[in-house]
Protein chains: 2
Amino acid sequence: MIQYSKIAKVIEERIKNHIYPPFMKIPTQQQLADEFGTSRMTVKKAIDSLIYLGLLVSIRGSGTYVMSNPIANELDFSGKSYLGLSATMQGKGRNLSSKVIAFEHVFPDNLQQKRLLLNETDPVYRIIRLRCLDGEPYTLEYTHMPIGIIPGLNAEVLTHSIYSYIQNDLGLRIGSSYRVIRANIPDAYDRKYLECSDNDPVLEIEQVVYLDNGMPFEYSRSRHRYDKGGVSVNNQVTQMDKTFTWKKKDF
Amino acid sequence: MIQYSKIAKVIEERIKNHIYPPFMKIPTQQQLADEFGTSRMTVKKAIDSLIYLGLLVSIRGSGTYVMSNPIANELDFSGKSYLGLSATMQGKGRNLSSKVIAFEHVFPDNLQQKRLLLNETDPVYRIIRLRCLDGEPYTLEYTHMPIGIIPGLNAEVLTHSIYSYIQNDLGLRIGSSYRVIRANIPDAYDRKYLECSDNDPVLEIEQVVYLDNGMPFEYSRSRHRYDKGGVSVNNQVTQMDKTFTWKKKDF
DNA sequence: CAGTGGTCTAGACCACAAT
DNA sequence: TTGTGGTCTAGACCACTGA
């Protein structure tokens with residue numbers, strides 16, 4: 001494993017075990033560099049990754065401190081997650097099952113061509129799955145993926161984890177995603193499969209997911225029951241954002 | 001301005017002006033280092049910040065490429081934004097107005113004490129504002145802030161931008177935030193102020209915002225009309241996430 | 001003032017992609 | 001094999017905090 005990742009894991013463990021309790025000032029970068037027998041730059045990279053996760057905060061001239069906890073509850077899933085719903089819920093000890101409602105090979109419409117950078121003659125899978133959490137309807141997913149990029153999808157894979165298949169069987173790596181989160185009115189499918197009443201809102205997540213070479217491989221819309229949790233997002237302001245903010249003295 | 005930020009701005013301009021068009025391989029880190037008269041590490045930091053923003057993707061052994069565009073539309077606001085709604089909408093050329101519905105000094109309840117790390121005797125502002133976009137109801141904000149951290153708030157500030165006041169008048173800097181995004185059923189206030197019908201869902205954003213020293217200064221719930229856009233989130237998988245994914249061969 | 005984190009250098013070695 | 005990005009070093013200087 002990469003050196004700064006190893007150091008970050010050790011520090012993360014110390015935070016979780018309260019060896020570094022909330023609000024504690026942790027050792028200086030130089031002290032940690034000495035402890036791990038590495039350079040200060042490498043320690044800083046480890047610390048930066050934990051700042052990104054919201055576990056630490058560094059203050060120049062003062063030190064690095066353990067952050068307090070986020071507001072997310074157990075059912076919310078992270079806006080930073082890419083492992084797919086199966087792995088996310090497995091990590092939380094929940095039982096996720098999938099029922100395939102539609103699975104076919106089609107040609108992409110204009111929107112899908114644009115999102116997935118395809119021609120109208122490039123075939124895609126059209127997949128509709130109902131995901132149930134501990135036996136209760138949780139989310140209805142409408143997924144389109146290019147067959148050329150993700151070959152060999154079948155019903156067996158769909159009832160388990162597409163993301164596991166992509167990463168472990170095809171050996172592809174996921175790089176980034178764009179998501180838009182909205183509230184919406186339930187439609188006939190939501191009422192039928194998510195068992196929404198006419199007034200129950202749905203939480204819709206539209207996303208494009210890219211491989212680590214920048215190629216889009218999934219365009220999907222997921223419609224969630226509103227009472228089954230939300231999406232959590234945590235963000236750190238980068239140095240560039242601070243500089244930008246700094247300049248905005250004019251209004 | 002910091003050197004890598006300057007370099008990042010130049011590269012960002014080149015992307016926006018299509019000097020580096022979508023999917024183009026940009027010059028190597030070494031070439032850019034020579035061009036800007038700096039070291040490769042500094043160029044890499046600039047590139048990393050643009051990868052974080054979703055503008056570039058680097059592939060080891062191959063090169064760095066301009067990413068294709070996100071799905072966000074103009075009315076969605078970014079999950080990465082901290083400048084407050086006023087600055088966000090000003091940046092988009094929209095006209096935002098604020099109507100103060102409630103403004104008082106109160107003592108925090110249990111939840112607010114926990115989120116803002118306060119005692120029950122530490123006074124907070126309780127603020128309810130209706131934000132209108134181009135004259136139409138947009139979002140209803142319920143905000144609590146510790147008076148001790150943000151002194152001197154008044155009606156004048158509330159009708160303009162609290163964030164501008166915090167940064168420009170108080171000289172404080174915003175560091176990070178945690179958000180949870182949900183769909184919900186409209187309540188009486190939503191129907192009255194957002195002019196929701198009984199069936200219109202609302203998009204609720206609960207957030208805690210921290211100063212750059214890690215101190216929480218805002219706890220708020222914002223309820224948006226569902227037809228006025230959503231929240232966009234873009235994410236890059238970090239090297240650590242990749243390592244984690246890599247190890248998950250077992251399910 | 002001393003201590004701390006942020007940035008930067010000028011190299012080096014390695015992993016990986018493309019040929 | 002060559003070129004590229006990822007990581008790492010051992011120092012340096014600066015900006016900022018806090019005594």
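Chain letters run A, B, ... following the sequence lines, proteins first, then strands; residues in each count from 1.
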OP1 or OP2 of C:dG5 under 4.0 Å from side-chain N/O of A:Thr64: yes

Partners passing ring-ring contact (aromatic ring centres under 6.0 Å, His included) against A:Tyr125 (at least two apart in sequence or in another chain): A:Phe103, A:His105

Atom pair distance, as rounded to whole Å: CD in A:Gln29 and C1' in D:dC8: 15 Å

Gap between atoms OH and P, on A:Tyr4 and D:dG6 respectively (whole Å): 10 Å

Nearest-Å distance for atom pair NZ/C1', residues B:Lys45 and C:dG5: 11 Å

Where protein sits on nucleotides 9-19 of chain C, one letter per nucleotide: B base, S sugar-phosphate only, - none, heavy atoms under 4.0 Å: BB-B--BBBS-

Nearest heavy atoms of B:Met24 and B:Tyr20, plus distance in Å: SD-CA, 3.6 Å

Rounded distance in Å - CG (B:Leu56) to P (D:dG6): 11 Å

Side chain to side chain contact (heavy atoms under 4.5 Å, CB included) involving B:Gln113 - partner list, sequence neighbours excluded: B:Pro108, B:Asn110, B:Glu120

Atom-pair distance (NZ on B:Lys44; C1' on D:dT4), nearest Å: 12 Å

Integer-rounded Å distance: C:dG5 P and B:Asn213 CG: 15 Å

Partner residues of B:Val43 under the side chain to side chain contact (heavy atoms under 4.5 Å, CB included) criterion, sequence neighbours left out: B:Gln29, B:Leu32, B:Ala33, B:Thr38, B:Ile47

Which residues share a side chain to side chain contact (heavy atoms under 4.5 Å, CB included) with A:Arg126, sequence neighbours left out: A:Ala102, A:Glu104, A:Val106, A:Ile128, A:His144

Residue pairs, two or more places apart or on separate chains, that pass salt bridge (charged side-chain N to carboxylate O under 4.0 Å, His left out) and touch residues 30-42 of chain A: A:Arg14-A:Glu35

Separation of atom CG in B:Asp212 from atom P in C:dG5, rounded to whole Å: 15 Å

Nucleotide C:dG3, atom P - distance to CD of A:Gln31 in whole Å: 11 Å

